[in-house]
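Order of the sequence lines sets the chain letters (A, B, ...), proteins ahead of strands, with each chain counted from 1.
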There are 2 protein chains.
Amino acid sequence: MAGSRRGPRERMVFSAAQLIRRDGVGATGMRDVAAHAEAPRGSLQHYFPGGKEQLVNEAVAWAGRYAARRVARFLAGMAEPTPSGLFAAMVRQWTEEYETAGHLSGCPVAAATVDCASSAASTRQAAATAFATWARPVAEALTGMGVPADRAGSLATLMISALEGALIIARAEADPRALTTVVRELGPLLDAAVRKD
Amino acid sequence: MAGSRRGPRERMVFSAAQLIRRDGVGATGMRDVAAHAEAPRGSLQHYFPGGKEQLVNEAVAWAGRYAARRVARFLAGMAEPTPSGLFAAMVRQWTEEYETAGHLSGCPVAAATVDCASSAASTRQAAATAFATWARPVAEALTGMGVPADRAGSLATLMISALEGALIIARAEADPRALTTVVRELGPLLDAAVRKD
DNA sequence: AGCCGGTTATGACGGCGGTCATAGTAGCGG
DNA sequence: CCGCTACTATGACCGCCGTCATAACCGGCT
């Protein structure tokens with residue numbers, strides 16, 4: 001993985017996001033993160049003097065930026081972009097993971113929200129900005145496809161909501177069916193929002 | 001609350017669900033559950049010899065049945081039921097909670113999935129059946145409203161997905177906006193699925 | 001060489017978690 | 001009164017976790 005080429009700090013943030021999205025925040029220990037990142041345990045307090053909360057917050061922020069980057073890459077790779085195509089591409093990331101890995105992991109931002117929203121205000125805030133970071137390029141892409149500006153933001157929220165919710169159901173069912181279902185049902189609505197002209 | 005009239009066992013299951021949906025599974029201790037239920041700590045191992053996993057599983061199952069019961073009550077209270085009306089009623093439960101309590105808690109099934117799907121197989125299974133228990137009456141209601149049978153199940157999945165996802169975003173933002181957004185955007189699609197005749 | 005800031009290494013500490021063991025109580029049929 | 005079952009009570013055990021303290025490294029600079 002290209003991650004091992006990065007510095008130890010970024011590796012730990014990356015590993016934290018990976019472990020959190022699989023096991024949740026509570027079940028992810030600092031020692032686990034260091035081990036997974038093949039980083040020295042002593043570096044944790046050096047790079048993250050704010051402790052676990054800081055590490056989690058940075059992992060969440062990293063995930064938000066990563067999701068936004070994915071959206072940009074999807075758009076660049078689509079010849080004739082459509083809202084449903086973008087949504088399908090966003091979801092495909094997880095269905096592909098299921099096909100290759102044989103199981104489904106969740107979204108670190110969702111995990112952090114579920115585990116920390118009521119206890120750690122800073123993490124809740126980090127998750128909110130992560131979602132915003134993710135939704136912004138989606139909404140911009142929609143307007144670029146001809147969706148009226150006043151609906152683009154709402155539809156972006158709907159897309160991410162449906163994705164996150166379906167991901168949870170799919171994990172519970174250990175089956176990506178819910179993901180493909182929301183793509184199939186939501187796609188037409190999204191395309192119908194494109195301004196005809 | 002009517003809960004104190006029930007037996008201690010059911011009270012503990014109820015309390016577990018409440019604490020889990022607020023703090024997540026990892027951050028919810030057995031002692032906390034007993035204290036919240038005003039039940040003796042010693043009763044935990046008596047009623048739940050399977051330990052925390054059993055308690056969590058029962059809390060998840062209870063939440064699934066509760067959600068299904070809510071759906072039935074919504075339908076009974078609606079003069080002219082429509083898909084969008086049902087969805088709005090399902091979401092309203094949380095927006096109302098925000099208005100009265102001033103903050104948003106999550107869904108215990110989602111929390112259990114996020115925290116346990118990759119570690120406790122029985123809990124993952126319990127969450128899957130809870131979602132199925134919830135989705136079934138929704139799908140049946142949709143068919144009763146004239147939605148073609150082959151789409152009712154898919155739309156029920158989409159409704160629950162959008163609800164769960166929006167709930168996570170709303171919690172992160174500490175604002176129910178995402179919930180109202182998905183109702184507004186998804187409502188028309190749901191109503192459009194009703195067979196015209 | 002000597003120093004020094006940025007790192008890594010390691011062990012200890014306090015707290016809390018789930019679980020177990022054991023004893024206690026209350027009710028009740030015999 | 002006995003014995004039995006259902007339930008309650010309490011404390012102890014062990015392990016893990018996040019955090020801190022302390023010391024060692026190590027490259028580069030003077």
Side-chain angles (χ1 to χ4, degrees), chain A residues 3-20 22-60 108 111-112 114-116 118-123 126, chain B residues 3-20 22-60 108 111-112 114-116 118-123 126:
Chain A
S4 36
R5 261 307 196 200
R6 293 179 232 263
R9 192 183 197 283
E10 188 173 355
R11 280 211 317 273
M12 285 190 275
V13 173
F14 176 79
S15 291
Q18 240 181 308
L19 295 179
I20 286 171
R22 196 186 58 187
D23 302 324
V25 173
T28 300
M30 303 282 276
R31 291 164 170 84
D32 304 343
V33 173
H36 183 275
E38 298 179 61
R41 213 192 69 185
S43 300
L44 279 171
Q45 69 177 294
H46 186 259
Y47 290 115
F48 307 96
K52 187 177 189 179
E53 193 167 322
Q54 180 186 357
L55 177 57
V56 171
N57 293 356
E58 294 205 21
V60 166
V114 165
D115 280 346
C116 311
S118 299
S119 57
S122 72
T123 303
Chain B
S4 37
R5 262 305 196 200
R6 294 179 232 261
R9 193 183 195 284
E10 188 173 355
R11 280 213 315 275
M12 284 190 277
V13 173
F14 176 78
S15 290
Q18 240 181 308
L19 295 180
I20 287 170
R22 194 186 58 188
D23 302 323
V25 173
T28 299
M30 303 283 276
R31 293 165 171 84
D32 304 343
V33 173
H36 183 275
E38 297 180 63
R41 210 192 76 190
S43 300
L44 279 171
Q45 70 178 291
H46 182 70
Y47 290 115
F48 308 96
K52 186 176 189 178
E53 193 168 324
Q54 181 187 357
L55 177 59
V56 171
N57 293 356
E58 295 204 21
V60 167
V114 166
D115 280 346
C116 310
S118 299
S119 58
S122 72
T123 302

Listed by chain and number, what are the side-chain contact (heavy atoms from CB on, under 4.5 Å) partners of [X], not counting sequence neighbours?
X: A120(A); result: E53(A), C116(A), T123(A)
X: H46(A); result: none
X: E10(A); result: R6(A), W62(A)
X: A126(B); result: N57(B), V60(B)

Review point. Roughly, in whole Å, what's the span from CZ in R31(B) to P in dG18(C)?
Key: 7 Å
Check your understanding: Among all residues two or more places apart in sequence or in another chain, which pass the salt bridge (Lys or Arg N to Asp or Glu O under 4.0 Å) test with R31(A)?
Key ->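 In terms of salt bridge (Lys or Arg N to Asp or Glu O under 4.0 Å), with neighbours along the sequence ignored, R31(A) is linked to no residue.
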Exercise for review: Starting at CG of L19(A), measure out to CE of M12(A) and round the result to the nearest 0.5 Å.
Suggested key: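 So the gap between those two atoms works out to 12.5 Å.
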Exercise for review: Please round to 10 degrees the angle between the axis of the first five pairs and the axis of the last five pairs in the helix from dA1(C)-dT30(D) to dG30(C)-dC1(D).
Suggested key: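 Taking the rotation axis at each end, their angle is 20°.
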**Study point:** Listed partners of S43(B) passing side-chain hydrogen bond (donor to acceptor under 3.5 Å, both in side chains), at least two apart
**Key:** none
Point to revise | Non-neighbouring partners of R9(B) that pass side-chain hydrogen bond (donor to acceptor under 3.5 Å, both in side chains), sequence neighbours left out | key: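 Counting only residues at least two positions away or on another chain, R9(B) forms a side-chain hydrogen bond (donor to acceptor under 3.5 Å, both in side chains) with E58(B).
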Practice item. Could you check V25(B) against K52(B) for side-chain contact (heavy atoms from CB on, under 4.5 Å), going step by step and ending with a plain yes or no? Key: CA-CA 9 Å; V25(B) 173; K52(B) 186 176 189 178; 4.2 Å; yes
Revision key, fill the gap. First and last nt of DNA chain D near chain A, cut-off under 4.0 Å to heavy atoms, 5' to 3', are dC17(D) to dA21(D)
Revision key, fill the gap. Per-nt protein contacts along nucleotides 4-9 of chain C (heavy atom under 4.0 Å; B base, S backbone sugar-phosphate only, - none) come out as ---BBB
Practice item. Assign each of P49(B) and D32(B) to its nearest nucleotide of DNA chain C by heavy atoms, then name whichever residue's nucleotide is nearer the 5' end. Key: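 By nearest-heavy-atom nucleotide position, the 5'-most residue is D32(B).
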**Study point:** side-chain contact (heavy atoms from CB on, under 4.5 Å) evaluation trace for F48(B) with V13(B)
**Key:** CA-CA 10 Å; F48(B) 308 96; V13(B) 173; 3.7 Å; yes
